[in-house]
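So the structure is just underneath, and the comments pick up after that.
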Protein chains: 2
Amino acid sequence: MNHSGRGWRRPGSYHHGNLKEALLEAARKLIEEHGAFGFSLTEAARLAGVSPAAPYRHFKDRDALLAEVAHSGFDRFAARLDAAWNNGLPTPLSAFENLGKAYLAFAREEPASYTVMFETGLAPGTEGERLPAAERSFDVLQRAAEALCRQLPEDARPPIKLVSLHFWTMAHGVATLFSQGGRAAGKVPMTPEEVLESGLLIYLKGLGILPDEGDGGESVSG
Amino acid sequence: MNHSGRGWRRPGSYHHGNLKEALLEAARKLIEEHGAFGFSLTEAARLAGVSPAAPYRHFKDRDALLAEVAHSGFDRFAARLDAAWNNGLPTPLSAFENLGKAYLAFAREEPASYTVMFETGLAPGTEGERLPAAERSFDVLQRAAEALCRQLPEDARPPIKLVSLHFWTMAHGVATLFSQGGRAAGKVPMTPEEVLESGLLIYLKGLGILPDEGDGGESVSG
DNA sequence: TGATTCATGTAAAGGGCTTTTACATCAAAG
DNA sequence: CTTTGATGTAAAAGCCCTTTACATGAATCA
């Protein structure tokens, strides 16, 4: 159990001790630095201090490693969104704001994971099998949409899946447009959080969930 | 001038005649089929019927070819958005709906271009220089936001750049979430166009640009 | 204790990709 | 007709992906 704990190899030992996690960590670091294109299995192995063939004891091939980056990313993503939503407490609206912030925080703190999860087309496994953690992530958005829409009279409620898709759309749009390189950065003197929150408040007003002249309106002008 | 016109080499001729465009076309086709990862310069050359070294007469390196895919993509993207917006005619709202449809139509018809434009981190040239065509694309959204916001009393208008960023955010989010493989497809029985339009109508209602009980409300429920 | 087994890592090799360099071809200009 | 410049080829170096045969060592079992 003499694991090095942060992905580095025990010096003077034939076996690494924690290679799988070390490779995932190296992959995330390399993707952050050189983009999703500039990732090489050999270089990840070099970072972990092993030969180019060693990764094949833990991953079928290069794509399998990236798929695992996506998979484990979705695990943390779902957990984080779920914790932020916190069952809609203390109020659905404040929980919803926390949810949006958590979404963007994950995209900023794990840009490599987020990229591989959403932008590479590798996430759904080698053969279109769904990722349960990805479903769980979407479910959090859906529960939030449901709780918010419950504030509307029953006959005025739009389809929950549609509303949650709108949420996802906005969060994902802000996350990617502001991500590294920031095609949107510099276009507006606001943080991604402010852009997302203002957009969501306007949207909720449009749904009739927020009053026309709430604090939402002021935070929009500010 | 015996160009083959669609990227294929003249048979029995040493020179290709239209290699640069043929390579761009091959790149888009390969990216569509195998994802942005599975693109190889050698295979593009093979598709065009030339040797692996030939592309270097037209592009500095592999990334330069991809950057050109992004660049030419933004050119067509901006032109298409501009034509759809049509100076806000006949009405800002109908022109705006056309704009949204044109955005999604481009993303669907040129998925490879769209991917390289927004998802690879290669678009802004090798060295952070801005793409004028990318600016022009955003400008169309901004002009639309301005025209729509002009319908509000002056002291109730949110910042134009923020609104156009919200537009971009929603359009980009829908475009990518529904793109190939369709992580969002199957979650909701609607087309991307319906998801985007309904989201934008709700948003515009939230801004006060649309009445609370317009045809927008009905199209949301439907 | 000592041999065996199994997971894990290495070395070497084949094949593909990227890129450079020297050379080949051909159309157009002089 | 010759020259020239643009465009394409061949060959080679270097890197990466992946497989195969072999090496190491920790845990198991007699």
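From B:Leu207, atom CG reaches atom CG of B:Leu148 across 9.0 Å, with rounding to the nearest 0.5 Å. Atom NE2 of B:His166 and atom OG of A:Ser198 lie 3.0 Å apart (nearest 0.5 Å).
A 4.5 Å side-chain heavy-atom check between A:His34 and A:Glu43 finds at least one atom pair inside the cut-off.
What separates CZ of A:Phe59 from P of C:dG9 is a distance of 11 Å, to the nearest Å. For the pair B:Leu23 CG and C:dC17 P, the interatomic distance rounds to 15 Å; values are reported in whole Å. D:dT7 atom P lies 11 Å from atom CG of B:Asn18, rounded to whole Å. Rounded to a whole Å, the CG atom of A:Leu19 is 9 Å from the C1' atom of C:dT8. C:dA7 atom P lies 14 Å from atom NZ of A:Lys20, rounded to whole Å. Rounded to an integer number of Å, the gap from B:His34 NE2 to C:dC17 P is 11 Å.
Regarding contacts with the backbone of C:dG16, every side-chain N or O of B:Arg46 stays at 4.0 angstrom or more from both OP1 and OP2. Here B:His58 reaches the OP1 or OP2 of D:dG8: one of its side-chain N or O atoms lies under 4.0 Å away.
Partners of B:Asp139 by side-chain contact (heavy atoms from CB on, under 4.5 Å), not counting sequence neighbours, listed by chain and number: B:Gln142, B:Arg143. Applying the ring pair (Phe, Tyr, Trp, His ring centres under 6.0 Å) test to B:His172 and every residue at least two apart in sequence or in another chain returns B:Tyr114, B:Phe118. Take B:Ser137 and apply the side-chain contact (heavy atoms from CB on, under 4.5 Å) test, not counting sequence neighbours, and it matches B:Phe74, B:Phe77, B:Ala78, B:Leu81. Legend: residues meeting salt bridge (Lys or Arg N to Asp or Glu O under 4.0 Å) with A:Glu109, ordered by chain and number and at least two apart, are A:Arg80.
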- prompt: For A:Lys29 and A:Glu33, what are the C-alpha separation, side-chain angles and deciding distance, and is it a side chain to side chain contact (heavy atoms under 4.5 Å, CB included)?
  reply: CA-CA 6 Å; A:Lys29 177 176 175 183; A:Glu33 287 174 358; 3.3 Å; yes
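With the end axes of the helix from C:dT1-D:dA30 to C:dG30-D:dC1 each set by five pairs, the angle from one to the other reads 10° at 10° resolution.
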For nucleotides 17-23 of chain D, tabulate all protein N/O to nucleotide N/O atom pairs closer than 3.5 Å, reporting atom names and distance.
from	atom 1	to	atom 2	distance (Å)
D:dC17	OP1	A:Leu41	N	2.9
D:dC17	OP2	A:Leu41	N	3.1
D:dC17	OP2	A:Thr42	N	2.7
D:dC17	OP2	A:Thr42	OG1	2.9
D:dT18	OP2	A:Tyr56	OH	2.7
D:dT18	OP2	A:Arg62	N	3.0
D:dT18	O5'	A:Tyr56	OH	3.2
D:dA21	N6	A:Arg57	NH2	3.4
D:dA23	N3	A:Tyr14	OH	3.3

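Within the 6.0 Å centre-distance limit, the rings of B:Phe96 and B:Phe167 are counted as a close aromatic pair.
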